[in-house]
Amino acid sequence: MRNGALADFKIFAGNSHMELAEEIASIMGKPLGRSTVSKFSDGEISVNLWETVRGIDTYIVQSTCDPVNDNLMELLIMIDAMKRASAGRINAVIPYYGYGRQDRKAKARDPITAKLVADIISAAGADRVVTMDLHAAQIQGYFNIPVDHLLGVPILVKYFKEKRLDDLVIVSPDHGSVVRARNMAHPLDAPIAIVDKRRPKANVSEIMNIIGDIEGKNAILIDDMIDTAGTICNAANALKELGAKEVYACATHPVLSGPAIQRIKESAIKELVVLNTIPVPEHKRLDNITILSVAPLFAEAMIRIFTNDSISRLFD
């Protein structure tokens with residue numbers, strides 16, 4: 001910890017990802033703030049803070065992952081408790097921002113739930129949001145408070161550099177991840193390819209074509225999240241069938257819901273690399289799934305927020 005102990009901030013956590021919160025707090029040289037987040041018998045969430053936060057900068061670490069609504073309500077109620085206890089700045093640290101996929105009207109009468117959640121977090125009393133790899137970067141603009149948007153790609157790039165794979169090609173599993181693929185390809189000095197797919201309905205994808213040269217190459221698929229794993233597994237199988245040497249996959253958010261684990265087991269993916277923005281339970285930790293920690297990056301960002309240093313320099 002630089003500049004001695006940073007005494008004027010406290011870190012609290014909801015129940016969504018206690019392991020990550022404890023790792024962040026340890027790196028920052030602080031114990032987690034004493035609090036209890038529980039439920040009444042009817043399911044209502046109860047929050048108790050067991051230490052003062054008056055005038056103190058506070059960080060609440062809470063991913064809004066499954067169960068999304070419970071974890072979101074925990075975050076909102078913790079923010080409200082901090083506000084009513086006269087906390088200084090209330091920073092909502094949300095490694096995974098749930099509802100981020102509902103960021104636009106794809107068809108008539110669709111809600112834009114990513115905006116709704118942003119409004120609710122602001123209304124609850126948060127002064128700042130710290131998050132990672134939003135499904136769409138423009139979600140930052142849905143907030144009327146500052147948003148620090150951290151990037152997972154540098155962590156993934158570092159890992160793959162250390163593997164020293166040759167004949168690399170970075171593959172976007174759809175048109176939406178092309179920018180992410182380019183951001184990974186540049187530091188790895190690799191070309192990119194794009195999977196052109198059609199999605200007949202939600203959580204169902206169909207591979208159509210591969211744009212780019214992948215034959216005889218080690219392909220790395222990159223996406224922001226893996227939910228049911230249909231997109232990433234179909235893409236991996238198509239790459240292998242069309243001549244890729246080995247297929248690796250990586251993503252920031254391991255949602256891994258529904259049939260994801262079974263699909264990954266049966267796919268052509270040699271190794272899946274994910275970040276721990278969402279907890280991955282033991283029964284989902286396959287031998288070919290590698291989990292990298294985001295705690296050092298979040299800890300550094302939170303220190304910089306407290307000391308009013310630049311966050312963007314973390315990615316220079």
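Being a predicted model, the structure only gives us computed values, none of them experimental. Sequence positions, counted from 1, serve as the residue numbers for this chain. Values reported hereafter were calculated over all heavy atoms of this structure, with side chains retained and with hydrogens, waters and symmetry mates removed.
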Next item on the list: Report the C-alpha separation of Thr131 and Val147 in whole Å, then their side-chain angles, then the decisive distance to 0.1 Å, and conclude whether the side-chain contact (heavy atoms from CB on, under 4.5 Å) test is met.
Entry: CA-CA 8 Å; Thr131 188; Val147 175; 4.3 Å; yes
Item checked: NZ/Lys158: more than 12 non-hydrogen atoms of other groups inside 6.0 Å ->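 No, NZ of Lys158 has 12 or fewer neighbouring heavy atoms, counting only those of other groups under 6.0 Å.
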Next item on the list: Take atom CG of Asp189 as the centre, draw a 6.0 Å sphere, and report whether it contains more than 12 heavy atoms from other residues, nucleotides or ligands.
Entry: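 Count not over threshold, so no.
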What's the shortest heavy-atom distance between [X] and [Y], and which atoms?
{"X": "Ser35", "Y": "Ala13", "value": "OG-O, 4.1 Å"}
{"X": "Tyr99", "Y": "Ala114", "value": "O-CB, 3.4 Å"}
{"X": "Ile210", "Y": "Ala238", "value": "CD1-CB, 4.4 Å"}
{"X": "Leu314", "Y": "Glu300", "value": "CD2-CG, 3.3 Å"}
{"X": "Ile170", "Y": "Ala181", "value": "CG2-O, 3.7 Å"}
{"X": "His175", "Y": "Asp196", "value": "NE2-OD1, 3.0 Å"}

Are [Y] and [X] connected into the same hydrophobic cluster when the rule is that any two of I, L, V, M, F, W, Y join if their side-chain heavy atoms are below 4.5 Å apart?
{"X": "Ile269", "Y": "Val280", "result": "yes"}
{"X": "Tyr96", "Y": "Leu134", "result": "no"}
{"X": "Leu150", "Y": "Leu292", "result": "yes"}
{"X": "Val179", "Y": "Ile194", "result": "no"}
{"X": "Leu116", "Y": "Met73", "result": "yes"}

Margin query: I'd like to know whether the aromatic ring centres of Phe12 and Tyr59 sit less than 6.0 Å apart in this structure.
Written below: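 No: the rings miss the under 6.0 Å criterion.
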Can you tell if the side chain of [X] reaches within under 4.5 Å of the side chain of [Y], non-hydrogen atoms only?
{"X": "Val294", "Y": "Ile155", "result": "yes"}
{"X": "Met132", "Y": "His149", "result": "no"}
{"X": "Cys250", "Y": "Ile220", "result": "yes"}
{"X": "Asn218", "Y": "Tyr248", "result": "yes"}
{"X": "His253", "Y": "Ile226", "result": "no"}
{"X": "Met302", "Y": "Met28", "result": "yes"}
{"X": "Ile94", "Y": "Leu75", "result": "yes"}
{"X": "Asn91", "Y": "Phe9", "result": "no"}

Within this structure, what is the [atom1]-[atom2] distance for the pair [X] and [Y], rounded to the nearest 0.5 Å?
{"X": "Gln62", "Y": "Leu20", "atom1": "CD", "atom2": "CG", "answer": "11.0 Å"}
{"X": "Arg182", "Y": "Ile222", "atom1": "CZ", "atom2": "CD1", "answer": "13.5 Å"}
{"X": "Lys217", "Y": "Leu165", "atom1": "NZ", "atom2": "CG", "answer": "13.0 Å"}
{"X": "Leu297", "Y": "Leu275", "atom1": "CG", "atom2": "CG", "answer": "9.5 Å"}
{"X": "Ile11", "Y": "Glu22", "atom1": "CD1", "atom2": "CD", "answer": "11.5 Å"}
{"X": "Ile214", "Y": "Leu168", "atom1": "CD1", "atom2": "CG", "answer": "13.5 Å"}

Should the pair [X]-[Y] be classified as a salt bridge under the 4.0 Å nitrogen-to-oxygen rule?
{"X": "Arg89", "Y": "Asp57", "result": "yes"}
{"X": "Asp166", "Y": "Lys245", "result": "yes"}
{"X": "Lys115", "Y": "Asp103", "result": "no"}
{"X": "Lys163", "Y": "Glu271", "result": "yes"}
{"X": "Asp70", "Y": "Lys39", "result": "yes"}

Check: Taking Asp148 as the fixed residue, which of Val129, Ile305, Val93 is the one that meets the side chain to side chain contact (heavy atoms under 4.5 Å, CB included) rule?
Finding: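 Result: among Val129, Ile305, Val93, Ile305 is the only option passing the side chain to side chain contact (heavy atoms under 4.5 Å, CB included) with Asp148.
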Notebook entry, point to check: Would you say the side-chain atoms of Asn71 and Ser16 include a donor-acceptor pair closer than 3.5 Å?
Noted result: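 No pair is found: no donor N or O on one side chain lies under 3.5 Å from an acceptor on the other.
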Item checked: Exercise: do Ser312 and Ser310 side chains pair donor with acceptor under 3.5 Å -> yes
Margin query: Does Val274 form a side-chain contact (heavy atoms from CB on, under 4.5 Å) with Thr252? I'd like the steps, not just the answer.
Written below: CA-CA 5 Å; Val274 296; Thr252 301; over 6 Å; no
Notebook entry, point to check: Hey, mind stepping through Asn48 and Thr36 against side-chain hydrogen bond (donor to acceptor under 3.5 Å, both in side chains) and telling me if it holds?
Noted result: CA-CA 5 Å; Asn48 290 283; Thr36 304; 5.5 Å; no
Checklist line | Heavy-atom donor-acceptor pair, Lys10 side chain to Glu51 backbone, under 3.5 Å | finding: no
